[in-house]
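Atoms within each ligand, like the ligands themselves, are counted from 1 in listed order.
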Amino acid sequence: MANGQTLEAAQGGADRINSVTTYACIESVAVITIDSPPVNALSGDVRRGLLAGFRRAHEDPTAQAVVLACAGRTFIAGADIREFDAPDTDAPGLHAVLDAIEACPKPTVAAIHGTALGGGLETALCCHFRVALPEAKLGLPEVALGLLPGAGGTQRLPRIVGAEAALEMMALGKPVTATKGQAMGLVDALIEGDLLAGAIAFAQDAARSGTAAVRVRDRTGGLALPHDAHVFDEFRRANARAFRGYEAPENIVRAVEAAVTLPFADGMKREAELFAELFASRQSAALRYLFFAERQTARVPDLPAATPIRPIATVGVIGAGTMGSGIAMNFLNAGLPVTLVEREEPALERGLAAIRRNYEVSQAKGKLTAQALEERMALLRPSLDMADLAQADLVIEAVFERMDLKQEIFARLDQVARPGAILATNTSFLDVDAIAAATCRPADVIGLHFFSPANVMRLLEVVRGGATAPDVIATAMSLARTIRKVPVLSRVCDGFIANRMMTPRMNAAQALILEGPMPWEVDRALVDYGFAMGPFAMLDLVGLDVIGWDAATSNSSSITQVLCEIGRWGQKREGGFYDYDAARRATPSPVTEGVVRDFQSRSGHQARTFVPQAIVERLLFPVVNEGARILEEGIALRASDIDVALVMGYGWPPFTGGPMFWADGIGLQRIVDALEAMGETPSELLRRLAREGGALSTCTGQA
Ligand code: T1G
């Protein structure tokens, strides 16, 4: 490993260049080591150290070659994103540092472990050679931040791997393993065991070879790879759906076009222009905001850092339906044994079959080996008896959303579960306190609200009851990382955070179609805003009949009731708001249009036309208002948690930053005025921030 004995020796006998950089000459090889936790990001000090280190190696007569290595968990993982809005202007710019590295006349070798990402890989591309541990990863994921590789990556990478592979790595943000990188020519050697020792040996060979090492900028192999001129347009077309609404991918494609068509220096100028456009964009600010917001959700201010975590080694799940089986998979994937309990054999069998089927789909996609599939299934213990949960460290209930049923289950769990077990409910909106009250241990009860499909969606709403113990909360927030979820802490209210936030959007949509626009016009406006589907298409997908429609009491008092009464329940009935063909392709329905027109005339509204932006504001400004209320009530810890919840739970377009960040860009006073004009009551927090010129996205929960 990079932290092998050679690295320790290098650091032990090394000269310190600055707080994060050491220099040692080992067997005629200059070893420059960066040690800047957590990920050796290219902060000002790292840039200073690199520049000084390579200048010294350049002048050091005892050094015949140079190795750049990193201590800690990873090679340089990119530019320091924290500096983007507060740059260390005293430090040398990244381009100056990379120019100095590339100008070194001695063979230079980057020794890569962990993840060489963004500016980290761009730094390695300014070395003549790259060697790596086989499991290391190399990537240029700047597109996820609304950027492009702005330190020469768009010009150097294609010179090694060719335009097509470069487009995949940069516009899709896909890293490659070092093993694949070697096959692509990106990695010159894989090192087993002691990375630094291997890198030093590689550098010595390069120095002894006598052949001049070629800079990546001077290599043309990749550009000479056979590709037709249409590769760029074909790539655009093939990825149009994934790129919809995003600005960075197009700029990346243009930068690679420049690499293929322009001399290096001109290509670098083009890259800089295209990078500057993105860096100044609201989209990049939004994506950078979400990057840190996602990493902040697990921080709970009123939980002392030393709050103990309860060990979770075995898990029980009650309910083998869609949610229960999906929830179970999360723990099986993490290698934790799961007892899955149902009341009847057929339901249990269906749950087991669903889990196996999901794994078989992953296996067919090459994401899971047959052996791993069986290992995970072997961790799953089916049961028809809750007594089998007696030793579980955590039990998650995932049955029908009926309070009486949940309270009955928790009363039984209270008798069965061992002392200290965490008892969790997956309820999506019921009162966790009322469920906890069914036990004699409310401190051990918490909400773990997964989003469907539970084994896919990354959001996990952790709902703390009034009595939930601090260590139970801390354990749930830590467990989320174990099962690769992003936890968002919520207090108890109807719908918690994500569902509560999206209720006003549905209500506004239902009200708006009484005033003129058809459901498909409303959906189109929201899809053009960036959602994958609009509210009415969503209702058809879920099923109009399952959102509280009751045939016994239905009285044609709403459009949804009338549609349900005539059997238009959605996709499952070939028609709902839309008509569907055999392939479930949706088309506007004349039947629905007639029903809507009828309600429009009865509503007393003069039907009028709404431009798409007006539709977006009518539906989403009330969502912003609800978010402000959630903060006022202290339901969420911070506004950025709300944004993470909506992006990860409801597919709110990430390039907007989420409703709170988006609202700041719109202007809070404009939102307050619009809410009043639509007959809504703006929250006091929104009014105050608008008055004071404050920002919503930086707010914390008030209570
Ligand atoms: N800058 C600053 N801090 C960073 C960082 C970065 N690039 N990457 C991670 N961190 C922090 C993170 O905030 C967290 O801090 C801690 O490190 C652990 O991260 C010029 C312009 C490397 C795969 O996009 O993908 O280079 O919360 O929780 O799950 O062309 O972090 O502990 O205080 O994510 O093990 C390009 C982003 C930048 C890589 C590790 N690079 N990072 O994942 O840990 S732009 C990236 C990651 C650029 C150039 C352009 C991941 C990781 P805290 P973590 P992890």
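Relative to the ring axis of Phe202, Arg130 does not place its NZ or CZ within 45° and under 6.0 Å from the centre.
The stretch residues 101-111 participates, sequence neighbours left out, in these side chain to side chain donor-acceptor pair (under 3.5 Å) pairs: Glu102-Arg156, Glu102-Arg217, Thr108-His128. Applying the side chain to side chain donor-acceptor pair (under 3.5 Å) test to pairs two or more places apart or on separate chains, those with a residue in residues 244-264 are Arg236-Glu250, Arg236-Glu257, Glu250-Arg254, Asn251-Glu277. Among residues at least two apart or in separate chains, side chain to side chain donor-acceptor pair (under 3.5 Å) pairs with a member in residues 37-48 are Asp45-Arg48, Arg47-Glu83, Arg48-Asp88.
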May I have a table of the N/O to N/O pairs between ligand 1 and the protein that fall below 3.5 Å, each row giving the two atom names and the distance to 0.1 Å?
from: ligand 1; atom 1: 1 (N); to: Ala79; atom 2: O; distance (Å): 3.4
from: ligand 1; atom 1: 1 (N); to: Ile81; atom 2: N; distance (Å): 2.9
from: ligand 1; atom 1: 7 (N); to: Ala79; atom 2: O; distance (Å): 2.9
from: ligand 1; atom 1: 13 (O); to: Arg82; atom 2: NH2; distance (Å): 3.3
from: ligand 1; atom 1: 15 (O); to: Arg82; atom 2: NH2; distance (Å): 3.4
from: ligand 1; atom 1: 26 (O); to: Ala79; atom 2: N; distance (Å): 2.8
from: ligand 1; atom 1: 26 (O); to: Gly119; atom 2: N; distance (Å): 2.8
from: ligand 1; atom 1: 27 (O); to: Arg299; atom 2: NH2; distance (Å): 3.0
from: ligand 1; atom 1: 29 (O); to: Arg481; atom 2: NH2; distance (Å): 3.3
from: ligand 1; atom 1: 30 (O); to: Glu122; atom 2: OE1; distance (Å): 2.6
from: ligand 1; atom 1: 30 (O); to: Glu142; atom 2: OE2; distance (Å): 2.8
from: ligand 1; atom 1: 30 (O); to: Gly150; atom 2: N; distance (Å): 2.9
from: ligand 1; atom 1: 33 (O); to: Arg82; atom 2: NH2; distance (Å): 3.4
from: ligand 1; atom 1: 33 (O); to: Arg299; atom 2: NH2; distance (Å): 3.2
from: ligand 1; atom 1: 34 (O); to: Arg295; atom 2: NE; distance (Å): 2.8
from: ligand 1; atom 1: 34 (O); to: Arg295; atom 2: NH2; distance (Å): 3.2
from: ligand 1; atom 1: 35 (O); to: Arg73; atom 2: NH2; distance (Å): 2.3
from: ligand 1; atom 1: 41 (N); to: Ala77; atom 2: O; distance (Å): 3.0
from: ligand 1; atom 1: 44 (O); to: Arg73; atom 2: NH2; distance (Å): 3.3

Run the side chain to side chain contact (heavy atoms under 4.5 Å, CB included) check on Val647 and Glu294 step by step: do they pass? CA-CA 10 Å; Val647 166; Glu294 180 187 327; over 6 Å; no
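Applying the 6.0 Å contact sphere to CZ of Arg484 captures no more than 12 heavy atoms from other residues, nucleotides or ligands.
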